[in-house]
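Remember, it's 1-based here, ligands and their atoms both numbered in the order they're listed. Side chains are part of it too, since the values below use all heavy atoms of this structure and drop only hydrogens, waters and symmetry mates. Each residue takes its place number in the sequence, starting with 1.
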Amino acid sequence: MNPQELENNLDYWLKNINKTTSFKELEQLKSDLLGKSGTITLAFKTISEVSVDEKKLFGERLNKIKSSIEDFILTKKKELEEYSMLEKLKNETLDITLPIKNNKFGGLHIITQAIRRIRNHYLARGFSVLDGPEIENDFFNFDALNMPKHHPARQSHDTFYLKEIEDSLLRTHTSCVQIRTMLNKGANVRMISIGKTYRNDALDATHSPMFHQVECLVVDKKPINIGHLKSELRRFVSFFFEVEDIAIRFRPSFFPFTEPGMEVDCKYFKKEGKLIISKDGDKWLEIGGAGMVHPNVFKACNIEQPAYGFAFGVGLERLIMLKSGIKDIRNLFDTDNRWLKYYGQ
Ligand code: PHE
């Protein structure tokens with residue numbers, strides 16, 4: 001066919017392309033026109049028979065026809081693809097009512113189990129379970145907890161600062177939630193908070209740069225004293241380790257946000273290499289920090305004094321390791337499936 005004939009036919013071909021309803025049909029048309037012995041391809045071959053003067057125009061006309069057809073085929077192909085995708089989606093509905101094969105559910109990580117247990121215990125006793133952000137600022141993590149800028153206690157916290165956002169850091173303890181709660185609720189608080197905390201510690205058998213803390217705070221206008229704190233800690237330890245007869249003691253210590261501040265120990269003995277928490281123990285084990293809320297903390301939270309409160313904070317991984325006989329904290333965070341299965345629930 002010469003260019004004129006091709007141009008006369010162009011409309012007809014384009015209509016045919018448009019009418020196709022399958023990739024197969026489209027491919028057939030494409031091959032009839034642009035394939036090795038397709039109509040257009042053959043027309044290109046006649047270019048040698050054309051006089052030199054006419055060659056340029058001849059070629060231009062053919063190329064124009066060819067690219068119109070190619071464009072049209074491409075558009076149609078996309079249209080067919082879209083259509084077939086929609087059809088596929090229509091037929092591929094997911095039946096979520098199908099029962100799971102082999103009853104193979106995943107398990108809960110031992111940390112999640114502990115968090116849920118503690119949370120349920122305190123909820124049942126009427127405490128609020130609260131949380132705050134893991135990205136905190138100086139005010140909540142330090143200032144309001146009676147650790148103003150340049151306070152030496154800040155250094156012991158090995159803080160991760162976020163360079164990109166001014167004044168922000170990864171919280172080094174859950175005590176920030178104390179501040180958020182008191183600012184919110186004033187002098188009427190019974191709460192625990194369980195969450196992730198961060199310190200720039202190298203990872204080894206007993207340290208991890210990320211670990212969980214459990215924080216407890218009780219505040220009231222009525223006098224609260226160390227006896228209440230001790231009683232609450234006894235309950236917590238006894239509940240956590242599932243041991244009725246425990247013995248705990250306070251050792252004087254210093255936390256800027258408590259006055260007085262103390263470290264909490266509990267009695268244990270070793271039996272066949274296993275650690276047993278018991279009032280009949282012969283050794284003391286440190287389990288966390290505690291104290292009475294410092295007046296400056298009340299001040300920072302706009303709480304009128306006299307007000308009374310106690311708080312304690314414990315490291316969750318440490319308690320879990322003690323209870324389950326896990327020797328290396330890294331096991332809690334690597335992903336050995338055998339380990340996870342053994343401790344999972
Ligand atoms: N926030 C303290 C720490 O991380 C623990 C603590 C909590 C101490 C509450 C006293 C009262 O070391």
Side-chain angles (χ1 to χ4, degrees), residues 118 122 127-134 136-148 151-160 169-182 189-201 206-220 224-237 240 248-266 285-298 300-301 303 307-319 329:
I118 298 169
Y122 277 99
F127 279 65
S128 312
V129 178
L130 304 172
D131 202 1
E134 287 167 31
E136 267 294 5
N137 57 41
D138 263 5
F139 176 76
F140 290 105
N141 200 82
F142 292 126
D143 288 334
L145 287 160
N146 202 24
M147 277 180 269
H151 192 289
R154 283 193 180 204
Q155 269 151 32
S156 68
H157 279 236
D158 300 317
T159 313
F160 285 116
L169 47 86
L170 296 180
R171 67 179 180 190
T172 58
H173 50 182
T174 41
S175 298
C176 332
V177 188
Q178 287 190 29
I179 305 301
R180 293 184 173 275
T181 308
M182 283 187 269
V189 177
R190 273 142 190 75
M191 76 97 179
I192 60 148
S193 183
I194 314 173
K196 293 189 172 77
T197 54
Y198 302 84
R199 288 187 199 182
N200 194 357
D201 276 331
T206 52
H207 295 88
S208 160
M210 187 285 293
F211 57 100
H212 294 74
Q213 283 193 340
V214 180
E215 186 98 10
C216 175
L217 173 72
V218 172
V219 178
D220 210 304
I224 288 177
N225 59 43
I226 293 185
H228 297 110
L229 168 59
K230 189 163 186 180
S231 147
E232 184 50 48
L233 269 162
R234 285 187 62 90
R235 270 203 197 212
F236 174 74
V237 172
F240 184 84
I248 64 170
R249 75 172 181 192
F250 287 146
R251 247 178 319 112
S253 185
F254 176 73
F255 300 100
F257 41 95
T258 59
E259 181 55 41
M262 52 217 105
E263 224 114 26
V264 188
D265 296 342
C266 95
L285 183 78
E286 184 198 318
I287 57 163
M292 305 306 291
V293 179
H294 194 291
N296 286 354
V297 175
F298 285 137
C301 297
I303 289 180
Y308 307 87
F310 69 73
F312 69 79
V314 296
L316 186 58
E317 281 79 0
R318 188 172 144 74
L319 292 189
I329 195 170

> Quick one: is the NZ or CZ of Arg171 closer than 6.0 Å to the six-membered ring centre of Phe140, and within 45° of its axis?
Replying inline: no

> With hydrogens left out, which residues have an atom under 4.0 Å from ligand 1, given that only heavy atoms count?
Replying inline: His173, Ser175, Gln178, Arg199, Gln213, Glu215, Phe255, Phe257, Thr258, Gly289, Ala290, Ala311, Phe312, Gly313

> Are any of the side-chain nitrogens in Arg190 or Glu232 under 4.0 Å away from the carboxylate oxygens of its partner?
Replying inline: no

> Should the pair Asp158-Arg199 be classified as a salt bridge under the 4.0 Å nitrogen-to-oxygen rule?
Replying inline: no

> Relative to each other, are the rings of Phe254 and His151 parallel, tilted or perpendicular (30° and 60° limits)?
Replying inline: parallel

> Do the ring centers of His228 and Tyr308 come within less than 6.0 Å of each other?
Replying inline: no

> With ring centroids as reference points, do Phe257 and His173 lie under 6.0 angstrom apart?
Replying inline: yes

